[in-house]
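Taking it in order: structure first as structure tokens, then the write-up.
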Number of protein chains: 2
Amino acid sequence: MATIKDVAARAGVGLGTASRVLSGSAQTSPSSRERVLAAAAELGYVAHGPARSLRRARTDALGLLVSDIRNPFFSELAHAAEQEARAHGYALLLANANEDADQADDALRTFASQRIDGLLLSPQGPATPQLASLLARAVPIVLLNRRIEGVDLPFYGTDNEQGVGLVLDWLQERGHRDVAYVGGPQTMSTGAERARAYLGGRAAHGIATDDALVDAGDFTTDGAAAAMLRILDRGVRPTAVFGANGATTVGALRALRERLGADAGGVEVVSFDDFDWFAYASPAITAVRNDAAAIGVGAVQGLLALLRGEDATSQRIATELVDRAARS
Amino acid sequence: MATIKDVAARAGVGLGTASRVLSGSAQTSPSSRERVLAAAAELGYVAHGPARSLRRARTDALGLLVSDIRNPFFSELAHAAEQEARAHGYALLLANANEDADQADDALRTFASQRIDGLLLSPQGPATPQLASLLARAVPIVLLNRRIEGVDLPFYGTDNEQGVGLVLDWLQERGHRDVAYVGGPQTMSTGAERARAYLGGRAAHGIATDDALVDAGDFTTDGAAAAMLRILDRGVRPTAVFGANGATTVGALRALRERLGADAGGVEVVSFDDFDWFAYASPAITAVRNDAAAIGVGAVQGLLALLRGEDATSQRIATELVDRAARS
DNA sequence: CTGTTAGCGCATTCAA
DNA sequence: TTGAATGCGCTAACAG
């Protein structure tokens with residue numbers, strides 16, 4: 001494997017000159033520049049990242065820790081983040097935490113050892129030891145989608161309040177009064193924020209504030225299906241159901257179809273989080289779409305700002321309502 | 001930032017002993033072992049990956065290059081691969097090629113510079129310069145899902161022939177004769193293999209071999225929708241449609257619904273590639289499910305075998321049919 | 001079992 | 001502008 005030493009020898013210049021040319025750090029004469037480049041090309045020279053990292057104390061690598069890349073929100077975010085990172089010369093290390101603090105810590109340990117320059121983190125819950133350690137080492141970190149209590153870091157995520165507002169308006173416009181709400185865990189900032197916005201906004205939108213219509217799962221399909229069944233078992237018969245995230249809506253839909261048939265008994269379904277296939281679902285699902293790509297790009301840009309020593313401003317990305325209500 | 005030197009000093013041992021303890025490479029006395037570990041813990045020591053990589057000439061990092069992580073097949077595969085890699089002490093570098101040779105090469109260049117120990121590659125087409133370069137440097141590589149012409153590398157992917165066989169059996173059992181086939185590009189091994197298996201198996205399964213029923217898109221939703229419309233425009237009226245991959249089926253479904261109404265005029269749809277939501281689609285979609293997780297795990301295991309100097313055996317992972325046909 | 005030494009490949013410093 | 005020397009943090013070889 002050709003090293004920079006080989007390149008320098010072949011080009012007939014000193015090691016320093018070769019380095020300066022190849023890393024473009026300082027002025028070099030056109031002649032030596034040309035010869036070094038030629039030699040590098042001939043030898044198929046590729047800079048040794050780890051050696052460079054050791055010397056420069058930076059790796060040009062960012063870490064991305066999500067709960068589960070299979071979640072379309074995260075895969076879309078990861079795609080955008082990777083593109084943006086690579087456009088700026090950064091590689092992306094990926095890890096899945098699977099909503100498990102131990103796995104998250106394991107991944108963070110690996111990231112720390114690999115000496116990533118910065119971290120994009122979708123928090124699983126409260127701060128873990130490894131996260132504290134990274135914080136202590138002043139590794140630049142930005143938060144995705146969820147906040148961490150007691151930790152003040154730049155945040156890039158969905159504007160939950162605005163999104164819920166869109167749903168409330170839509171429900172009102174459609175004339176719904178008895179609306180079931182299947183929420184998520186209050187321990188997650190997303191779950192808490194959406195619940196607060198929805199519950200608080202019902203009255204002003206002509207929606208019943210009956211507690212029997214409200215239940216919560218754990219942001220998984222199964223948990224949400226169970227919550228939906230609990231609501232139906234209370235004997236209430238909503239005309240619309242609002243699922244607080246994508247998986248929750250799917251679970252609610254499954255329960256509705258099981259109980260009320262393939263058309264969900266005419267109940268309208270609206271979701272926070274949109275999946276492409278909602279257009280083809282039966283019944284079709286209206287949804288608030290959060291812009292995962294914009295969040296990913298914004299987060300990387302914020303992280304890069306941090307790396308430059310500037311400060312990053314949190315961003316709440318607005319959502320968009322995709323109205324798929326059947327109209328006669 | 002504490003280095004191993006600090007740890008050694010604090011523990012009152014030599015540098016070598018500290019290294020031996022922390023990397024577990026050789027025998028050390030219980031007493032020094034204990035003191036080194038204690039010192040490391042007190043100092044919050046984290047091994048410097050790049051320095052270690054420089055010395056050991058390996059990085060404990062694998063590269064994963066896919067066309068698009070947003071594709072559920074790849075995100076599931078990536079999830080499984082990352083878990084498997086991490087279980088074996090490897091980090092995973094992710095890159096998206098977006099079906100673009102330049103982006104693929106760019107990503108491979110980054111991987112090469114980062115000196116990944118091995119590569120999981122979903123090829124975009126023919127071998128590119130950077131791939132040739134990696135091949136020349138003898139970087140262990142395994143192929144995902146698609147083959148590359150003229151390059152013999154361990155392959156981990158779906159058993160297309162078996163999967164198509166499942167679909168043919170299902171079509172026959174359901175009594176379909178006029179079946180439309182929306183395929184993919186012949187230039188991709190997946191597209192070519194599925195087409196060959198299907199077209200060749202029709203006669204034996206009592207399916208019409210009329211060319212008017214066959215068309216192909218480019219494995220995107222839009223391309224497939226256009227192909228489906230072309231078929232319908234020929235005046236044929238199939239009783240079932242077979243989409244050669246997930247996106248293709250979605251496109252075909254979209255076209256069917258546009259032309260024939262929300263129930264697709266009673267046409268049954270069957271797909272190579274299953275999405276969870278197919279159960280909720282209207283009409284419900286029967287599908288052959290390829291086990292992306294098994295492919296990801298198998299590929300990582302194969303790559304690890306290569307890294308150990310053993311050889312890896314290609315695997316064709318069998319698919320499973322998920323029958324969602326409406327039965328009276 | 002252990003301490004010391006050398007050197008992985010590179011960017012940067014210091015003289016020239 | 002350049003060459004030579006230095007050291008980033010670590011592991012492996014070598015002597016003890």
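FYI, side chains are in, hydrogens and waters are out, and symmetry mates aren't considered; it's all heavy atoms of this structure. In what follows, every chain begins at residue 1, and chains take the letters A, B, ... in the order their sequences are listed.
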Report summary line: What residues 8-18 of chain B contributes to the DNA chain C interface at heavy-atom separation below 4.0 Å is B:Val13, B:Gly14, B:Leu15, B:Gly16, B:Thr17

**Report entry** Rounded distance (Å) that lies between atom C1' of D:dT1 and atom CZ of A:Arg35
**Finding:** 14 Å

Query raised in the report: A:Asp291: what forms a side chain to side chain contact (heavy atoms under 4.5 Å, CB included) with it, not counting sequence neighbours?
Result: A:Ala293, A:Ala294, A:Ile317

**Report entry** Expected output: side-chain B:Asn98 to main-chain B:Asp100 donor-acceptor under 3.5 Å
**Finding:** no

Report task. With sequence neighbours left out, write down each residue that passes salt bridge (Lys or Arg N to Asp or Glu O under 4.0 Å) with B:Arg146, or none if nothing qualifies. Result -> B:Glu99

Report task. Carefully, step by step, assess A:Glu193 and A:Arg316 under the rule salt bridge (charged side-chain N to carboxylate O under 4.0 Å, His left out). Result -> CA-CA 13 Å; A:Glu193 287 177 12; A:Arg316 290 211 161 263; 3.3 Å; yes

**Report entry** Rounded distance [0.5 Å steps], CD1 in A:Ile69 versus CD in A:Glu76
**Finding:** 11.0 Å

Query - Derivation of the side chain to side chain contact (heavy atoms under 4.5 Å, CB included) call for B:Thr128 and B:Leu108 - result: CA-CA 10 Å; B:Thr128 59; B:Leu108 291 179; 4.1 Å; yes

Requested in this report: Just call it for B:Ala26: base, sugar-phosphate, or nothing, with non-hydrogen atoms closer than 4.0 Å on any strand.
Outcome: nothing

Requested in this report: Check the distance between D:dC8's C1' and B:Ile4's CD1 and give it to me in whole angstrom.
Outcome: 14 Å

Query raised in the report: Quick one: A:His48 NE2 to D:dC10 P, roughly how many Å, whole number?
Result: 16 Å

Report task. Taking the side chain as every heavy atom from C-beta outward, state whether B:Leu306 and B:Ile141 have any pair of such atoms under 4.5 Å apart. Result -> no

Query raised in the report: Could you state the CG-P distance from B:Asp60 to D:dC10, rounded to the nearest angstrom?
Result: 14 Å

Query raised in the report: Does B:Pro72 offer a backbone N or O that forms a donor-acceptor pair with the side chain of B:Ser75 under 3.5 Å?
Result: yes

Query raised in the report: Could you state the interatomic distance from CZ (A:Phe74) to CD1 (A:Ile295), rounded to the nearest 0.5 Å?
Result: 9.5 Å

Query raised in the report: Per the end-axis method with five pairs at each terminus, what is the bend angle of the helix from C:dC1-D:dG16 to C:dA16-D:dT1, to 10°?
Result: 40°

Report task. Could you please spell out the steps behind the side-chain hydrogen bond (donor to acceptor under 3.5 Å, both in side chains) verdict for B:Ser32 and B:Ser29? Result -> CA-CA 6 Å; B:Ser32 52; B:Ser29 74; 2.8 Å; yes

Query - Whole-Å gap separating P (D:dC10) and CG (B:Leu22) - result: 9 Å

Report task. Can you see which heavy atom on B:Gln114 is nearest to which on B:Thr59, and at what distance? Result -> O-CG2, 3.5 Å

Query raised in the report: What is the distance, rounded to the nearest whole Å, between atom CD of B:Gln27 and atom P of D:dA12?
Result: 15 Å

Query - Short side-chain to backbone donor-acceptor contact, B:Ser122 and B:Val66, under 3.5 Å - result: no

Report summary line: Students should find that the nucleotides of DNA chain C closing off the region near chain A, any atom under 4.0 angstrom from a heavy atom, are C:dG9 to C:dT13

Report task. Could you check whether B:Ser19 gets within reach of a base, just the sugar-phosphate, or nothing at all, counting any heavy atom under 4.0 Å? Result -> base

Requested in this report: Name the residue closer to the 5' end of DNA chain C, choosing between B:Pro30 and A:Arg56 according to the nucleotide with the nearest heavy atom.
Outcome: B:Pro30

Query raised in the report: Between A:Ser133 and A:Pro129, is there a donor-acceptor pair closer than 3.5 Å when you use the side chain of the first and the backbone of the second?
Result: no

Query raised in the report: Does A:Ser19 reach the main-chain N or O of A:Leu15 with its side chain, forming a donor-acceptor pair under 3.5 Å?
Result: no

Report task. Would you indicate what B:Ser32 reaches in the nucleic acid, counting non-hydrogen atoms under 4.0 angstrom: base, sugar-phosphate, or nothing? Result -> sugar-phosphate

Query raised in the report: Using a cut-off of 4.0 Å on non-hydrogen atoms, how would the nucleic acid contact of B:Ala47 be classed: base, sugar-phosphate, or nothing?
Result: sugar-phosphate

Check: protein-nucleotides 14-16 of chain D nitrogen or oxygen pairs below 3.5 Å:
none

